[in-house]
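Scroll down for the structure; my scribbles are underneath it.
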Amino acid sequence: MKYVEAAGMRMPAIGLGTWELRGADCVRLVQEAVKIGYRHFDTAQSYENEAEVAEGLRLSGLPRHETFITTKIWPANHAPADFARAFKGSLAKLKLDHVDLLLLHWPSKEVPLADTIGALCKLKKEGGARHIGVSNFTVALLEEAIAKCPAPLVCNQVEYHPYLDQSRVREACAQHDVALVAYSPIAKGRVRKDELLTQVGSAHGKSAAQVCLRWLVQQNVSAIPRTSRLERLSENMEIFDFELSAAEMADISAMARSDGRLTDFGFSPKWD
């Protein structure tokens with residue numbers, strides 16, 4: 001396993017995204033993921049599956065110190081009092097006394113960022129989170145958050161795949177020693193039939209999705225693909241035995257297009 005490091009944080013480069021996984025299916029997927037070698041698990045208050053992620057990990061028997069668990073707080077709970085209460089609820093569902101990474105899920109349009117950053121730092125200082133960060137923050141918002149935060153922000157989790165140019169966000173993260181984590185890294189499955197990615201994959205004996213994930217990891221980006229299919233769990237992990245050439249990396253980067261974004265719940269201002 002390769003790791004992505006930032007400001008004292010060390011995160012597995014491939015994790016299991018759990019958005020839309022529910023109930024027994026979520027429990028089963030987490031258990032199987034552990035068997036395959038996953039140690040990085042990404043959930044969120046709004047996913048309504050923190051308890052299922054916890055149950056899957058419990059049934060797996062994996063020691064807590066071997067896991068890296070991320071959760072996120074939804075903007076409706078970004079006011080300081082609400083934030084603390086929501087996080088307490090997340091810890092209860094996860095059956096943990098702390099998480100490895102706590103993120104602001106989206107920027108809030110109602111609560112001043114300074115207030116939420118203060119609440120986030122307070123929870124870190126109290127030991128509820130080993131590391132803190134943000135998600136879906138533009139370059140401008142990331143830099144504002146860093147300026148307002150007395151503790152290191154170690155992560156910005158954003159949508160990132162070959163159809164969406166995130167070079168400015170990636171460069172800003174590198175400049176500030178912030179890890180970039182990619183959700184929807186295979187564009188919700190759309191890359192699987194992509195002609196260029198399939199062609200590159202054929203040259204390496206890999207699938208288009210594996211090429212896509214490798215492209216991200218070679219940029220020092222952590223990826224959290226979500227799948228509900230057991231066979232995809234192994235496929236998504238089998239990306240550390242080949243390397244893309246500089247020309248292949250450039251060709252994949254050139255696939256970005258203006259309408260490449262797949263996810264926006266309306267919380268963010270116009271993206272940089």
Side-chain angles (χ1 to χ4, degrees), residues 1-4 10-44 47 49-50 52-70 100-101 157 159-163 179-245 248-249 252 262:
M1 173 64 72
K2 175 181 169 63
Y3 291 83
V4 172
R10 191 168 186 261
M11 167 194 289
I14 293 293
L16 178 65
T18 64
W19 179 56
E20 292 186 327
L21 296 180
R22 296 285 191 277
D25 286 341
C26 182
V27 174
R28 178 175 57 93
L29 261 293
V30 170
Q31 280 184 273
E32 291 300 320
V34 170
K35 292 178 184 177
I36 291 166
Y38 284 79
R39 296 296 182 265
H40 176 186
F41 299 89
D42 182 273
T43 183
Y47 297 174
N49 65 7
E50 289 167 316
E52 287 80 3
V53 170
E55 181 64 5
L57 290 172
R58 185 189 70 80
L59 291 172
S60 77
L62 186 69
R64 171 66 179 101
H65 70 271
E66 292 186 20
T67 61
F68 188 99
I69 299 173
T70 299
D100 298 285
L101 181 59
Q157 185 182 120
E159 178 185 341
Y160 192 19
H161 46 74
Y163 304 131
L180 187 61
V181 176
Y183 70 78
S184 297
I186 57 174
K188 299 184 178 178
R190 299 183 190 187
V191 304
R192 296 191 184 280
K193 296 182 180 180
D194 187 275
E195 185 176 346
L196 173 62
L197 294 173
T198 299
Q199 180 181 347
V200 173
S202 295
H204 295 278
K206 297 291 181 178
S207 69
Q210 288 172 315
V211 168
C212 186
L213 293 172
R214 182 69 200 184
W215 173 76
L216 289 164
V217 168
Q218 282 186 217
Q219 297 175 71
N220 199 36
V221 173
S222 177
I224 48 170
R226 181 204 68 86
T227 183
S228 59
R229 297 171 60 178
L230 293 177
E231 64 271 22
R232 300 290 194 207
L233 287 174
S234 296
E235 178 184 339
N236 291 342
M237 281 288 274
E238 293 168 356
I239 64 163
F240 299 106
D241 58 351
F242 76 109
E243 187 169 340
L244 299 172
S245 68
E248 289 169 332
M249 290 289 291
I252 297 169
L262 304 175

Q. Looking at D100 and R64, does any basic side-chain N land under 4.0 Å from a carboxylate oxygen?
A. yes
Q: Determine whether more than 12 heavy atoms belonging to other residues, nucleotides or ligands lie under 6.0 Å from atom CD of E231.
A: yes
(Q) Once rounded to the nearest 0.5 Å, what's the spacing between atom SG of C212 and atom NE2 of H161? (A) 8.0 Å
(Q) Has T67 got a side-chain atom pairing as donor or acceptor with I69's backbone, closer than 3.5 angstrom? (A) no
Q) Is there a side-chain contact between V200 and W215, using heavy atoms and a 4.5 Å cut-off? A) no
Q | S222 side chain to P12 backbone, donor-acceptor under 3.5 Å | A | yes
**Q.** Exercise: identify the closest heavy-atom pair between L29 and S228
**A.** CD2-O, 3.8 Å
Q. Within the distance-only criterion (no hydrogens, no angle test), does the side chain of N49 pair as donor or acceptor with the backbone N or O of T18 below 3.5 angstrom?
A. yes
Q | Side-chain donor or acceptor of Y47 paired with backbone N/O of D42 under 3.5 Å | A | no
Q: Could you grab the distance from atom CZ of R226 to atom CG of L21, nearest 0.5 Å is fine?
A: 5.5 Å
Q: Can you measure from CZ (R22) to CH2 (W19) and round to the nearest 0.5 angstrom?
A: 9.5 Å
Q: Using the test side-chain contact (heavy atoms from CB on, under 4.5 Å), find all partners of A209 that sit at least two apart in sequence or belong to another chain.
A: I186, V191, R192, S207, E235
Q. P185 and P162: which non-hydrogen atoms are nearest, and at how many Å?
A. O-CD, 4.2 Å
**Q.** Spacing of R229 atom CZ and S234 atom OG [to the nearest 0.5 Å]
**A.** 12.5 Å
Q) Sequence neighbours excluded, which residues qualify as side-chain contact (heavy atoms from CB on, under 4.5 Å) partners of R190? A) Y163, A187, L262
Q. Does K188 have any salt bridge (charged side-chain N to carboxylate O under 4.0 Å, His left out) partners at least two apart in sequence or in another chain, and if so, which?
A. none
Q.
Measuring from atom CZ of R39 to atom CG of L57, what distance do you get when rounded to the nearest 0.5 angstrom?
A. 9.5 Å
**Q.** Atom of A33, atom of L16 and distance for their closest heavy-atom approach
**A.** CB-CD2, 4.0 Å
Q) Does the side chain to side chain contact (heavy atoms under 4.5 Å, CB included) test come out yes or no for T43 and E52, once each step is laid out? A) CA-CA 10 Å; T43 183; E52 287 80 3; over 6 Å; no
Q.
Please check: side-chain N/O of R214 versus main-chain N/O of F242, any donor-acceptor pairing under 3.5 Å?
A. yes
Q: Would you sort out whether L230 and L233 count as a side chain to side chain contact (heavy atoms under 4.5 Å, CB included), showing the intermediate values?
A: CA-CA 5 Å; L230 293 177; L233 287 174; 4.0 Å; yes
Q.
Quick check for you: to the nearest 0.5 Å, what is the distance between Y38 atom OH and Q31 atom CD?
A. 15.5 Å
Q.
Donor-acceptor pair, distance only, cut-off 3.5 Å: does the side chain of Q218 make one with the backbone of L244?
A. yes
Q | Distance-minimising heavy-atom pair for L59 and V27 | A | CD1-CG1, 3.8 Å
Q. Going through the checks in order, is the side chain to side chain contact (heavy atoms under 4.5 Å, CB included) test met by I224 and Q157?
A. CA-CA 10 Å; I224 48 170; Q157 185 182 120; 3.6 Å; yes
Q: Give a yes or no answer on whether the side chain of E248 reaches the backbone of S245 with a donor-acceptor pair at less than 3.5 Å.
A: yes
Q: Examine distances only and state if a side-chain atom of R10 and a backbone atom of V4 form a donor-acceptor pair shorter than 3.5 Å.
A: no
Q. Between the main-chain N or O of E238 and the side-chain N or O of K206, is there a donor-acceptor pair closer than 3.5 Å?
A. yes
